[in-house]
Structure formats: C-alpha cells, structure tokens
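Nothing here was measured: the structure is a model prediction, and the numbers come from that model. In the text below, chain A, chain B and the rest are named by the order of the sequence lines, each starting its count at 1. The figures that follow rest on heavy atoms only: side chains count, while hydrogens, waters and symmetry mates do not.
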Amino acid sequence: MYVAVKGGETAINNAHRLLADRRRGDRSVPAMHLEQIVEQLGLAVDRIMSEGSLYDCELAALAFKQARGDMIEAIFLLRAYRTTLPRFGYSNPVDTNRMHIERRISATYKDLPGGQLLGPTFDYTHRLLDPALMGSQDVETPVTKQAAEQSTPRVSQLLTQEGLIESDGDLPDDHQTGDLTREPMEFPMARDVRLQALSRGDEGFLLALGYSTQRGFGRSHPFVGEIRIGEVDVEIDIPELGFAINLGRIRVTECQMVTQFQGSAKSPPQFTRGYGLVFGQSERKAMAMSLVDRSLRARELGEDLTAPAQDEEFVISHADNVQATGFVEHLKLPHYVDFQAELDLVRRMRSEFEAAQERDGNAGEDLEAAE
Amino acid sequence: MLQAENTSVYLGGFVQPVFDAQTVFRQVMNAMARPGTITRFDALTTPPAPLISVTGSIAAALFDHDTSVWLEPAQASQPALTGWLTFNTSTKIVAQGFDADFAIVTDAGALPSLESFAQGTQEFPDRSTTIILQVESLDQGPRLVLEGPGIKEKAFISPSGLPDQFCEQCSANRQRFPRGVDLLLVSTQGLIGLPRTVKISRG
Amino acid sequence: MNTHGELATYNFAYLDEQTKRMIRRAILKAIAIPGYQVPFASREMPMPYGWGTGGVQVTAAVIGPDDTLKVIDQGADDTTNAVSIRAFFQKVTNVAVTTSTRQATIIQTRHRIPEEQLGENQILVYQVPIPEPLRFLEPRETETRKMHALEEYGLMHVKLYEDIARNGHIATTYAYPVKVEGRYVMDPSPTPKFDNPKMHMSQALQLFGAGREKRIYAIPPYTEVVSLDFEDHPFEVQTFKDPCALCAATGVYLDEVILDDKGSRMFVCSDTDHCENRRNEGHHGHLSGQALEAQQ
Ligand SMILES: [Zn+2]
C-alpha cells in the first residue's frame, strides 16, 4: 500500500544533529572559544554586528561559531535575537569629533589638524601568504602614537569654513530619528532612515553599487574627505536626572566622501557629501555606503536619474541580505502545488501547439497534392 | 481623597497583560470581522468613570507609545482619566480628531462629525481613526439593518443612545471608501464592530 | 555580559507585546478595508524571510492558549516547513496542535486552502511571498500604490488579455488575481487558482501576512471575492481526469507522484487530512490497497 511521505519531524531532528556534528568537526581538534573569535577574527565579528545591527562582540562571535562561519547566517542569528530585545530608549547622536581615534586618513589634504594615522590597516601589506601565521609565534608589541587632542575636527568642517561644501543636512530640531525596524518602510525615504538601511545593508551589494558609480553608472567624482576609525561614547539622556549618562564605548568606522557638484537649478556649485557609518572596523563597507548615500541623493540635488545606484527603491529594497537570502533560498521549499498547476498548463499548451502544427502540416500536403 | 484619586491612576489595568490583551483583541477582531455580532469578554480592567470596563480593556489591548487618542474635551480635562490611560498604555493624547489613531466618545449623543477624524488617504486608507463609541445599550434601541462584508445576508442590531443622524453619518463615511473611520460600539454588554464597509439602514 | 539564560527567554507566542499590538492594529484595519495591503513593521523572526514569517507573525498576534493550531504547506501537515512552523508554535505557545482541518481554530497555510469547507469559528492565515498583485507588471511600490489608490487596474487586464491573444487562454495558474468586494485587486498568495472560489463568501476569516514585504491584508467572512476574467474567457479552475488514486475523491486538487523511473505516475489528494478522512470513511482509490509495496 502506498504510504505518503511522513516523518518530516524525524528528518528535521536528524538534520539538526548532523549539522551540530559537522559544526564541531574533528573532535581531536580543540573547540573554538568565543574569546578567540572576538580577539582573532575581529573583522568578521565587526561585520556581523554591523549588518546584524546589534553591538555585542560576544554574541556576534557566538553567531559566527553557530553559523559555521557563514556570515549572512550569523547576521541573521543576531538580527533574530535583536528583535526580541526590549527598547529602553534612544541614545544621543554619537559625536565622532570626539572619537578616540585609532585610524584616520584623508585623501584630500596632505596634512591636517590632528594628523593622519594609518592604524591597523591591510593597506600597505604585501599580499603574500605568511607561513609564520600557520603556527602561533609571538607578536611584537605595537608602536602607537598618543592620541593628540580630546577632539579632532572632521575634514568636512575644514571645507565648511570656506563655504565650499554643503551644510551637514537640515533636519528640524524636533525631528524624531526614524527607525525602519519599528516603522513600515515608505518611499521616498528620509535620509536618516535611508542611512540606517545602508548601514545594515549587505557589504557586497553596496560595494558593487559603489563600484558601479565609479565606472560611470551615475558618476559622482568622489574623494575620500576622511575615514576615521575608533571608539566613541554612547550617551543617553535621563530626563529624571536632567543630564546624559555614558552607557559605554563602541568602535565605529566613519567615512565622509566629498564629491564635486556642478550645481543645478536647486543648488550652487559646491562640494557635496556622502556619508557612511558602521559598527566596528569596516572601511570597505563605510566607503561603499558613503558612495551609495551620495548617489541616492541625486533626486534631492536635482541630478538626472540614470543609474541603478541612484534608484532609491531599487537599492534599499534589495540591500538587506537577511531578506534577500530568505527569499532566494525559499525557492528550495516545496512548490509542487504550483508546479502541478504549471505542468498542467504547459502540457495543455504543448498539445494545442502540436495539434496546430499537424493541422498546418496537413494543409501544406494538401496544397502540394493539389498542384 | 486626592490620595485615592492619584492611586487609581495606577490601578485597574490588566491583571495578566499578555493573555488579557489577546482575549480582548480576539473579540475586537471578531466584532470587526462580523459586524452586527455582539462579542464579549469579562471585565478585565477598571478604568475611571465615565470609561466603562470594555473601553478600558480595548485601550489596554491596543493603545501604546506608538498610538494617539482623541478624547472629548470634557474627558481630556480629567486628570484621573487621562492619567489612567497614559499610565496604563503610554498612549499620546491629542487635541485634534484628525491626528488620532483612536478616539473615545463617552457621550454618544454628542458624537462629533465622523469627518472630523482622520480618514486616511487614498494611498494609505489604513491611517484613519478607530472610534470607540460608548452607548447605553447594544440591544434596547431602534432596530438597524446591517449589510456588507462580514455579514451573511443581513444583520440586525438595536443599540440605544446613538445620535439622530448616525445612519446618515455612516452612509457618508461609507461613500468615502476606501477612506473612512471604523467604529466600535461598546456598552457593558460587550461590543459591536462597524467597519467603514458596513451599510446601515433603519428598519 | 550576556548569559545563555537570558538568551532563552521569550514571551508567549514569541513576539513582544508591543509588536503584537502593532500587528493587531494592522489586522483590524486590514479587516475594515478588505483586500487592501496594510503596511506593518514586520519583525525579524527566527526563521528566514520567505519561509512564512508573515504568516507566523499574524498567527502569533492572534493565537491564544485556547486555540488549536493546524499548519499546512502544499496542503500537507507533514511537509518539512509545516512541521518546523508547527514545532515553533508548540514551543512558544504550548497550544494544542492538530492535523484535522475540522478541529483547528487557526490554520496557517502555504499554497493551499483545505478542501473541507471552513466554518465561522475558524481563521485561515496565509503565508504570502509577494503581496502585490501588480508587482510583476510594475516593480515599483510607489507606482503600484498609486494604481490601487486610483483603482487603476487596466495593466492587469491587459496582461491577462495578452495571455489570451497569445495562448488562447489565461496563462496564470496560481496566485491568480482576485477582486475583493468590487474594489481592491488582491493576490491570493501562490495557491492554485483551483482554490480561488473557496475564498468567495468564506465563512472563515482569512488573514494574509507577508513578512519580508511587510504587508498584512484580510478578507472578512462573507465577502465577495471574484477572480478576474473576461466575458468571452470566463475564469475556470483546473480539473483532473482521474480521481485520487488513494481515496477516489473527485473535484479536489491532486498532486502528481512519480512512481518509478519509467514515468508511471499517480495523482493523489494534495490535502492529506482530507484524503485520510475519506479513507477512514471507507473510500478507496484504485491504488489504495495494492501494488505500491515496491515504494517502501
Ligand atoms: Zn485522496
């Protein structure tokens, strides 16, 4: 007797058990500790926190381990946890002028107040695999410069003094910062919400879009005004106390892209801004984000909309890798009911097609016979 | 005396917030989905007068920090009432009906024009006010006939205490579809939902 | 720092109360405007977007301890994703679950409407991947929103008519668009058009949740739901030549099952509960008692 496929539950449990086994791998190799991931795979942890929009190194490391190193799966795990957290309040905007800078570079000025600091960058490493890292040899203590001042003005402020760059946005004082995790998305978007979407957006997607603008699909003539990486204080106002209290420090990467703008009916010729801010050390993402932010301001600045990176609905609707991966991967779920409906239709159309062919063929033969 | 009043602001909310809210919502949903049906639940809240328990429970189930509510001026000036609502739900109280997600009307006979509340837009008709209208009873008044989505053929209700022009107001509201307000008639007996789609006539 | 103990806590039905209220308010507006897609701030759920997060959020906002839940995917209770979603709700609500259509108070579904007529005490929750019926004709939300606002559905009729011109009939077999109460054109989710007539004047409340696209919509009970068509090409549902091979049911939706590598096949009920009930009632199809031991 035919028995319909049952036992989905057993199959799922067995799959989970096998997954746990593969995740652990060879039992004779020591299991990874979260501290090892946090300390030694920090840039992976940073990306998970940034796109997972939750600043918690330990949980990001846990997600990374649980996901067997699959970044998007790890980001998803962190997001799904984040969504269950109660919201106690909203912090004040972080002041990146007062960042405890570890890296700071500008491509627009040779030297500038506060100086340039290369920091822990891959930039001038020769990309040669290092056999020494195959073992666990000692590493020299680093040489660092004492951070000069309490506050290091941003390059954009230097340009502002000359009046050659647009102002830093003009949101009214009573503007409540939007939050796309709490409110339904709506286009066109306010820039604050758009920046939030970009900051959570997929690094690879934004990188490709930013790259496309450099290759002429919506060219914006960008210069890196400044990239700075370091720790900033997060403060929250407590109305009952009448002052802000410090919740702690987070590491962020900020990129200000300065782009030439020839002016339009709406604005005079000047430099314009593209902005990127992400959790952790993630320069590529912050740079790509600032390129895309600038491109998405095309409508606001009265530029022609010609390129994918300028299309807000296209970019924002597809930037989220947790959404994208879910929908792409859902194609592996059973669709046999729909497929049956299509199968039926294609069979019907096919037999109609063949009947028509036969009719035409016969008609041709008849014609020949007549001649 | 003052002490007692202040304390009452903090009392009378849901005892089991998670389950009570679910119970109330389900009955509100059933009422909206089946206009003309009287749905009920136990007295789960004790709000200050003139709010009745049903109203207080709907507020506790659906209002929060993200909602705004309009109250009749006479009620908006009652600290005990506004305090109870804001303490138990964190909702914002607004002065204009057209800014409100919800409105509570305790004097049904003096129901303001339905047009004075948020109607939603043609693009976003959901952004309209839901009016909680306290009436004397749900079954002691003149008979009204209901038709529309959620109703098999016809439904009959007999609420008492409605304003004279209620049917005309509802019919104008229905003309504005998809824009328009939605109503919940409430009394100590329970509630009746009157979504904007409902067609009401006397009979 | 975080402890694992903290990680394991969640509310009844997983969602926090504020999220439930937000979804509940959206559901009420959806019921008041049948067929209109209410935007809502969909949450990240512990299962992937596109795998039923919209339906799960709607069910989570509606469900209470007295409910009995049934979850189906492709009409079946034992498909892996249905098993997974059912297990999720068992874990986070501890409500009774069932495979019986009749006993369920809430049925969450992907791609099918049960064969058995649903009753007034039931709620059918659909998982919806793309809620916008006009999306494949116009990819921009800003544009489709205007079309709904203006009741401008010409594009959809043009598309269906082009099908007829090219193929002699409408080439849409599932997610076949409907018009609700004479106003909104609505996507019924990717159910086969076979199921469309069941939506019309349904006794049960129908709720639709699209998590990734952040939309909730509804059809109240006893509401007019009409599949789009033309006078000279009226809407018609799929028909199957043979009855179910197991329970001999006719007039139901059948799945094609390939039996061997020579291409022999049989057709059986997609609604597994319906098929089982019929067999328990003594109905037998031509393959129910024999021949298929080879399969096991
Ligand atoms: Zn069968």
Side-chain angles (χ1 to χ4, degrees), chain A residues 1-9 11-12 15 56-59 62 76-87 179-188 311 313-314 317 320 322-331 333-345 348-349 352, chain C residues 1-2 7 10 14 16 39-41 43-46 48-51 53 73-76 78-84 87 110-112 129 140-142 167-168 171 173-175 190-194 212 214 238 245-246 253-256 266 268 270 272 275 287-290 292-293 295-296:
Chain A
M1 176 172 162
Y2 176 76
V3 178
V5 188
K6 293 259 180 197
E9 207 156 344
I12 289 175
D56 188 320
C57 299
E58 193 190 26
L59 288 183
L62 172 62
F76 179 20
L77 283 168
L78 206 59
R79 288 261 194 102
Y81 173 68
R82 175 192 190 275
T83 200
T84 66
L85 297 175
R87 183 155 306 217
D179 182 350
L180 56 80
T181 69
R182 313 298 285 186
E183 297 141 26
M185 236 188 224
E186 196 185 317
F187 298 107
D311 185 332
E313 192 172 338
F314 175 78
S317 302
D320 189 299
V322 177
Q323 289 175 11
T325 201
F327 203 46
V328 167
E329 293 196 54
H330 108 286
L331 290 171
L333 289 180
H335 283 77
Y336 46 76
V337 164
D338 303 349
F339 186 70
Q340 186 60 49
E342 293 288 271
L343 206 55
D344 176 61
L345 177 73
R348 195 142 50 96
M349 282 165 47
E352 285 165 11
Chain C
M1 267 273 169
N2 296 277
L7 285 176
Y10 40 74
Y14 184 78
D16 61 278
F40 81 112
R43 299 292 194 250
E44 261 113 5
M45 297 300 286
Y49 280 121
W51 296 52
T53 56
D73 188 337
Q74 315 296 300
D78 56 0
T79 28
T80 41
N81 204 42
V83 169
S84 166
R110 175 168 173 265
H111 293 198
R112 273 315 307 278
R140 274 169 210 285
E141 165 67 15
T142 36
N167 311 309
T173 57
Y174 62 93
T191 48
K193 67 179 181 174
F194 179 88
R212 195 180 37 77
K214 303 176 171 50
Q238 292 100 333
L246 300 180
Y253 197 79
L254 302 178
D255 286 337
E256 185 170 334
M266 68 168 180
V268 295
S270 126
T272 49
C275 197
L287 290 180
S288 60
Q290 32 127 342
L292 285 148
E293 285 87 1
Q295 279 297 295
Q296 298 176 45

Handout entry: Which portion of T80(C) sits near chain A, non-hydrogen atoms under 4.5 angstrom
Key = both
Handout entry: Heavy-atom closest pair, residues A80(A) and P46(C)
Key = CB-CA, 4.0 Å
Practice task
Could you look at D179(A) and say if it's the side chain, the backbone, both or neither that has a heavy atom under 4.5 Å from chain C?
Solution key: neither
Practice task
Under 4.5 Å heavy-atom distance to chain C, tell me which part of E352(A) shows up: side chain, backbone, both or neither.
Solution key: side chain
Exercise for the section: Determine whether L345(A) and Y174(C) make a side-chain contact, defined as any pair of heavy atoms from C-beta on separated by less than 4.5 Å. Expected result: no
Completion exercise
So, the part of S270(C) with a heavy atom under 4.5 Å from chain A: the answer is side chain
Problem - Pairwise side-chain contact, R212(C) with H330(A), heavy-atom cut-off 4.5 Å (strictly under) - result: no
Handout entry: Selection from L333(A), D320(A), T325(A) maximising heavy-atom pairs under 4.5 Å formed with chain C
Key = L333(A)
Practice task
State, yes or no, whether a side-chain contact exists between F339(A) and E256(C) at a heavy-atom distance under 4.5 Å.
Solution key: no
Exercise for the section: Mind ranking M45(C), E141(C), R112(C) by heavy-atom pairs under 4.5 Å with chain A and telling me who comes out on top? Expected result: E141(C)
Fill in the blank from the handout: Turns out that what part of R43(C) lies under 4.5 Å from chain A's heavy atoms comes down to both
Exercise for the section: Find the one option among H335(A), E186(A), R348(A) whose heavy-atom pairs under 4.5 Å with chain C are most numerous. Expected result: H335(A)
Handout entry: Heavy-atom side-chain proximity of H111(C) to P334(A) below 4.5 angstrom
Key = no
Problem - Region of F194(C) in contact with chain A, defined by heavy-atom distances below 4.5 Å - result: neither
Completion exercise
Per-residue tally against chain C (heavy atom, under 4.5 Å) across P184(A), S317(A), A324(A), P188(A) peaks at P184(A)
Fill in the blank from the handout: Applying a strict 4.5 Å limit to non-hydrogen atoms, the region of E183(A) in contact with chain C is backbone
Problem - Segment of L343(A) engaging chain C (4.5 angstrom heavy-atom cut-off) - result: side chain
Handout entry: Part of T181(A) within contact of chain C (heavy atom distance under 4.5 Å)
Key = backbone
Exercise for the section: Answer with side chain, backbone, both or neither: which region of A171(C) has an atom nearer than 4.5 Å to a non-hydrogen atom of chain A? Expected result: both
Handout entry: Portion of T53(C) that has a non-hydrogen atom of chain A nearer than 4.5 angstrom
Key = neither
Practice task
Could you tell me whether the side chain of E9(A) and the main chain of V83(C) form a donor-acceptor pair under 3.5 Å?
Solution key: no
Practice task
Select one option (side chain, backbone, both, neither) describing which atoms of D344(A) are under 4.5 Å from chain C's heavy atoms.
Solution key: side chain
Handout entry: Q74(C) side chain to V337(A) backbone, donor-acceptor under 3.5 Å
Key = yes
Problem - Among the listed options T142(C), T79(C), L254(C), the residue most often paired with chain A at heavy-atom distances under 4.5 Å - result: T142(C)
Completion exercise
Okay, D16(C) and chain A: the region with an atom under 4.5 Å from a heavy atom over there is side chain
Handout entry: Q340(A) versus Y253(C), closest heavy-atom pair with distance
Key = CB-OH, 3.6 Å
Handout entry: Whether R82(A) side chain and E44(C) backbone form a donor-acceptor pair below 3.5 Å
Key = no
Practice task
Can you tell which part of F76(A) gets under 4.5 Å to a heavy atom of chain C, answering side chain, backbone, both or neither?
Solution key: side chain
